> 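I have a structure I would like to understand better, so I am pasting it below and will then ask my questions one at a time.
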There are 2 protein chains.
Amino acid sequence: MKGLEARFGELLKELRNKKGLTQEELATDCGLDRTYISMLERGLRQPTLTTLFKIAEVLNVSPSSIVKQLE
Amino acid sequence: MKGLEARFGELLKELRNKKGLTQEELATDCGLDRTYISMLERGLRQPTLTTLFKIAEVLNVSPSSIVKQLE
DNA sequence: TTCACATTCAGACTATAGTCGTCAAACAAT
DNA sequence: ATTGTTTGACGACTATAGTCTGAATGTGAA
């Protein structure tokens with residue numbers, strides 16, 4: 001079983017691509033750093049709650065739906 | 001509108017009490033520190049994803065249901 | 001090829017998640 | 001009043017979330 005961070009990273013990349021955003025666009029819209037988004041997608045970092053909420057808002061999905069896909 | 005950390009803290013306290021656990025019992029079952037649980041409940045800290053999952057498991061609720069109550 | 005854009009990687013940095021030891025406040029029970 | 005239990009609060013600490021700059025690598029189109 002893959003780690004939680006890795007699964008979150010894959011999902012994030014998938015959702016971002018579905019919205020047609022680059023990592024940099026997502027980052028600036030979230031008020032986050034470009035390289036940090038890259039690390040999230042590669043499973044090298046995991047978000048805090050508020051970061052999850054910021055990302056979900058920009059991606060137009062509910063934070064809970066993201067979490068649900070990780071369960 | 002109250003901050004996300006504060007709302008998470010209140011919810012955590014409510015769920016913990018509903019299960020009849022002390023902060024210390026919850027902490028050891030989660031593999032976390034007692035003082036950290038105290039800080040979470042007081043809204044002084046916010047969890048990362050994996051911490052959210054650990055806590056949810058011990059409380060017998062789904063992580064997404066916790067997040068959903070914060071939206 | 002070359003140009004432009006997207007992503008990875010690396011290092012140094014700041015902010016905060018999370019630990020640990022301890023003590024005091026609050027609240028029960030006797 | 002005292003004993004035990006729970007929680008709050010504190011400072012100091014370690015681990016990691018998150019920033020910043022820049023360079024290397026990839027990708028695709030002209």
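So that the names make sense, note that chain A is the first sequence line, chain B the second, and so on, each numbered from 1. Computed from a predicted model, the values in this text were never measured in an experiment.
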> Would you give the length of the straight line joining atom CZ of R7(B) to atom NZ of K2(B), rounded to the nearest 0.5 angstrom?
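With rounding to 0.5 Å, CZ (R7(B)) is 9.0 Å from NZ (K2(B)).
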> If you compare all heavy atoms of L59(B) against all heavy atoms of L26(B), which two are closest, and at what distance to 0.1 Å?
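What the structure gives for the nearest pair is CD2-CD1, 4.0 Å.
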> Please determine if a side-chain N or O atom of R34(A) lies less than 4.0 Å away from the OP1 or OP2 oxygen of dC5(C).
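No, R34(A) has no side-chain N/O under 4.0 Å of OP1/OP2 on dC5(C).
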> Could you tell me how far apart M39(B) (CE) and dG11(D) (C1') are, to the nearest whole angstrom?
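The distance from CE of M39(B) to C1' of dG11(D) comes to 11 Å, rounded to the nearest Å.
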> To the nearest Å, how far apart are N17(B) CG and dT5(D) P?
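Atom CG in N17(B) sits about 18 Å away from atom P in dT5(D).
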> Starting at CD of E24(B), measure out to CG of D33(B) and round the result to the nearest 0.5 Å.
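Between E24(B) CD and D33(B) CG, I get 9.0 Å after rounding to 0.5 Å.
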> Specify the residue among T48(B) and E41(B) whose closest nucleotide of DNA chain D lies further upstream toward the 5′ end.
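Final value for this comparison: E41(B).
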> Output the single nucleotide from dT19(D), dT7(D), dT19(C) whose closest atom is nearest the side chain of Y36(B).
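Closest nucleotide among those given: dT19(C).
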> Near DNA chain C, under 4.0 Å by heavy atom, which residues of residues 22-33 of chain A?
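Contacting residues: T22(A), Q23(A).
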> Between S38(A) and dT7(C), is there a side-chain N or O to OP1/OP2 distance below 4.0 Å?
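No, because none of the side-chain N or O atoms of S38(A) sits under 4.0 Å from OP1 or OP2 of dT7(C).
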> At what distance, to the nearest 0.5 angstrom, does CD of Q23(B) lie from CZ of R34(B)?
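One finds 7.0 Å between CD of Q23(B) and CZ of R34(B).
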> Quick one: L44(A) CG to dT8(C) P, roughly how many Å, whole number?
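Rounded to the whole Å, the gap is 9 Å.
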> Which is true for T35(B) with a 4.0 Å heavy-atom rule: it touches a base, it touches only sugar-phosphate, or it touches nothing?
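Here T35(B) touches the bases of the nucleic acid.
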> Between L49(A) (CG) and dT16(C) (C1'), how many Å, whole number?
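Rounded to the whole Å, the gap is 14 Å.
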> Could you tell me the separation between the CD atom of E5(B) and the C1' atom of dA15(C), rounded to a whole number of Å?
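Going from CD in E5(B) over to C1' in dA15(C) covers 14 Å.
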> Between P on dA17(D) and CZ on R42(A), what's the gap in Å once rounded to a whole number?
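The distance from CZ of R42(A) to P of dA17(D) comes to 14 Å, rounded to the nearest Å.
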> Within the 4.0 Å heavy-atom criterion, would you say Q46(A) contacts the bases, only the backbone, or no part of the nucleic acid?
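The answer is sugar-phosphate, as Q46(A) gets under 4.0 Å only of primed atoms, P, OP1 or OP2.
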> Is it the case that over 12 heavy atoms from other parts of the model lie below 6.0 angstrom from the CD atom of E71(B)?
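Yes, the 6.0 Å shell around CD holds more than 12 heavy atoms from other groups.
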> Starting from P on dA17(C), measure out to CG on L4(B) and report it in whole angstrom.
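Between P of dA17(C) and CG of L4(B): 11 Å.
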> What distance do R16(A) atom CZ and D29(A) atom CG have between them, rounded to the nearest 0.5 Å?
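That separation rounds to 12.0 Å.
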> Could you give the CZ-to-C1' distance, from R45(A) to dA15(D), as a whole number of Å?
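Taking CZ of R45(A) and C1' of dA15(D), I get 11 Å after rounding.
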> Drop me the distance from K68(A)'s NZ to S62(A)'s OG, to the nearest 0.5 angstrom.
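Interatomic distance, K68(A) NZ to S62(A) OG, rounded to 0.5 Å: 9.5 Å.
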